[in-house]
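Atoms within a ligand are numbered from 1 in the order they appear, just like the ligands themselves. Just so it is clear, the model here is predicted, and its values are computed rather than measured. Note that these values count all heavy atoms, side chains included, but never hydrogens, waters or copies made by symmetry.
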Amino acid sequence: MANKMWGGRFQAGPDAIMEEINASIGFDKRLFRQDIAGSKAHAAMLAKQGIITKSDAAEIRKGLDQVQGEIEAGTFTFSRALEDIHLNVESRLKDVIGPAAGRLHTARSRNDQVAVDFRLYVRDTVDHFDMQLKDLQLALAEKAEAHAATIMPGFTHLQVAQPVTFGHHMLAYVEMLARDRSRLADARKRMNENPLGAAALAGTSFPIDRHETAKALGFDRPTRNSLDTVADRDFVLETLSASAICAIHLSRLAEEIVIWSTSQFRFVKLSDKFTTGSSIMPQKRNPDAAELVRAKPGRIIGALLSLLTVMKGLPLTYSKDMQEDKEPAFDGFDNLSLAIAATTGMVKDMVPNEQEMRKAAASGFSTATDLADWLVRTLKMPFREAHHVTGSLVALAETEGCDLPELSLPLMQSVEPRITKDVYKVLTVENSVASRVSFGGTAPKNVKREAKRWIKLLKA
Ligand code: ARG
């Protein structure tokens, strides 16, 4: 049987394989709320403009409410023969209210309809991410406040570099997530324009009011070019791209959590709630949640690359290729949401091991820069020379098998005779971090202040 929604010029129905490759209902059914909201706004506008009667519009609205109720209750039967969510909803509307349903599609096409649905969906997703990321930032900022003075080694090349505080490290991620939120907010601004009324591609001859539907759907304004409107998927690409960057940030924290929780590092203890045991090795506690967060960028970047590839070289305007935008995007967004939630749980529960971190921070000559700075400040040595002298002192400590604070004064003076016992003050990790008071530096009082500032901001 030919399609009852558009089969006027068709004698035969589609081949089974055609139906399978063509149908999107299996995945676009999750757009039903957005689809129905778009239809309600459209019908109301058509009535206001005198394009359909007020009573037809009222019937349509009531019918759409019923359809939405059926989908929400799980009593709606989706049909693959009806291809997608748009035709499934419209066909059921016809069962419910009769011929008036046929007036809903006046001055509209599935091309602008799907653009509306997906923009609304992606906009909701962005709002959801924003809320989730804010929660994660708060969890990190609260850890930072509690551990503003907890000393840990800061790394470069994963080699101990200089002592920092655990709070400072937590706040580094708060900053990254702030940029992620701002990237998503930017994408939201550009996406928040109303596609409805672009119709198939050329606009319509009916006297529609696109400003009206824009307002009803919470869009800032209508889009300005009908061809661009039905051909555009930038809003998905941008959101996926911001999502991918965010996923990468999460994966870096996840990797640190994996490293920190090893028995070699023992910097943090993860909770039972976010780890698993081994079925064979009873002693094990595996950081599975962190490992999965570390892995998630694979599919989120995959989603972005997949849609970039679909869109590349597509001539204007709509082509069915574009139906391939949804599955990867849904998968990418679902997984980012899961990754943010898991990270928030891990961060809240994780307990830093202060002794281990301090011990590690004091190892590996981590206060060598403080020593060089002391030589510059006290002996007015040029920094390059101070760097060289410190290098010799580190080499000496290495031969002696001790750390810098354990190097005796006579030994130090054998390298640089002007060194006094005053130098030992800068060699402790506590003094080292306390001295880093430059704006954005790791000094506990800076970190405390920053953490408090973030907490206030995030709770406001
Ligand atoms: N299911 C389609 C999609 O997701 C809706 C638009 C169909 N438009 C069309 N002209 N066949 O892109």
Side-chain angles (χ1 to χ4, degrees), residues 2-10 13-15 17-39 41-42 64 67 71 76 78-93 102 104-125 191 194-204 213 217 223 225-237 239-240 303 306-334:
N3 187 299
K4 67 172 170 170
M5 308 303 284
W6 46 254
R9 65 165 294 190
F10 285 68
D15 189 272
I17 291 296
M18 175 58 194
E19 192 178 293
E20 187 175 345
I21 194 172
N22 197 38
S24 55
I25 188 62
F27 48 86
D28 69 14
K29 61 174 155 215
R30 76 155 92 181
L31 299 176
F32 76 91
R33 282 199 184 84
Q34 290 79 10
D35 193 72
I36 288 171
S39 288
H42 184 63
L64 286 169
V67 175
I71 299 177
F76 188 97
F78 291 101
S79 150
R80 200 169 76 174
L82 288 165
E83 285 188 35
D84 54 27
I85 186 63
H86 324 299
L87 297 184
N88 269 271
V89 169
E90 195 186 321
S91 164
R92 178 66 189 140
L93 183 66
L104 172 60
H105 214 52
T106 316
R108 185 176 77 169
S109 151
R110 277 189 290 161
N111 295 348
D112 58 345
Q113 197 177 352
V114 75
V116 172
D117 293 9
F118 210 20
R119 277 195 197 222
L120 291 174
Y121 183 90
V122 177
R123 191 179 74 183
D124 288 347
T125 304
M191 109 175 64
N194 181 21
L196 202 55
L201 76 165
T204 174
T213 44
L217 295 168
T223 54
N225 180 295
S226 62
L227 301 176
D228 173 47
T229 302
V230 297
D232 164 47
R233 290 295 180 271
D234 294 7
F235 62 99
V236 195
L237 289 172
T239 307
L240 279 174
S306 159
L307 187 55
L308 283 169
T309 311
V310 165
M311 298 307 292
K312 180 195 169 295
L314 269 193
L316 302 191
T317 57
Y318 178 84
S319 296
K320 200 59 174 260
D321 308 51
M322 289 165 65
Q323 179 168 286
E324 291 286 314
D325 58 356
K326 290 175 205 65
E327 284 168 290
F330 289 152
D331 184 73
F333 295 150
D334 289 351

With heavy-atom distances below 4.0 Å as the criterion, list the atoms of ligand 1 near Lys326.
3 (C), 4 (O), 12 (O)
Cation over ring face, Lys29 and Phe78, 6.0 Å, 45°
yes
Among all protein heavy atoms, pick the one closest to atom 8 (N) of ligand 1 and tell me residue, atom and distance.
Asn111 OD1, 2.9 Å
For His86 and ligand 1, does the shortest N/O to N/O distance drop below 3.5 Å?
no
Distance only, no hydrogens: is a donor on one side chain within 3.5 Å (strictly under) of an acceptor on the other, for Tyr121 and Arg30?
yes
Within ligand 1, which atoms have a heavy atom of Ser24 less than 4.0 Å away?
1 (N)
Does any N or O atom in Arg233 lie less than 3.5 angstrom from one in ligand 1, N or O only?
no
For atom 11 (N) of ligand 1, what is the nearest protein heavy atom, given as residue, atom name and distance?
Arg110 NH2, 3.7 Å
Would you give the length of the straight line joining atom CG of Leu237 to atom CE of Met191, rounded to the nearest 0.5 angstrom?
11.0 Å
Side-chain heavy atoms of Gln113 within contact of Ser39, under 4.5 Å:
yes
Which atoms from ligand 1 have a heavy atom of Asp84 less than 4.0 Å away?
1 (N), 2 (C), 5 (C)
If the threshold is 4.0 Å, N to carboxylate O, is there a salt bridge linking Arg233 and Asp321?
no
Side chains of Gln323 and Asp84: is there a donor and an acceptor less than 3.5 Å apart?
no
Below 3.5 Å, N or O to N or O, backbone or side chain included: is there any such pair between Glu83 and ligand 1?
no
Considering heavy atoms of the protein only, find what lies nearest to atom 12 (O) of ligand 1 and give residue, atom and distance to 0.1 Å.
Tyr318 OH, 2.5 Å
Check the pair Asp117 / Lys326 against side-chain contact (heavy atoms from CB on, under 4.5 Å), numbers first and verdict last.
CA-CA 11 Å; Asp117 293 9; Lys326 290 175 205 65; over 6 Å; no
Students should be able to answer this: which protein heavy-atom is nearest to atom 2 (C) of ligand 1, and at what distance?
Gln323 OE1, 3.2 Å
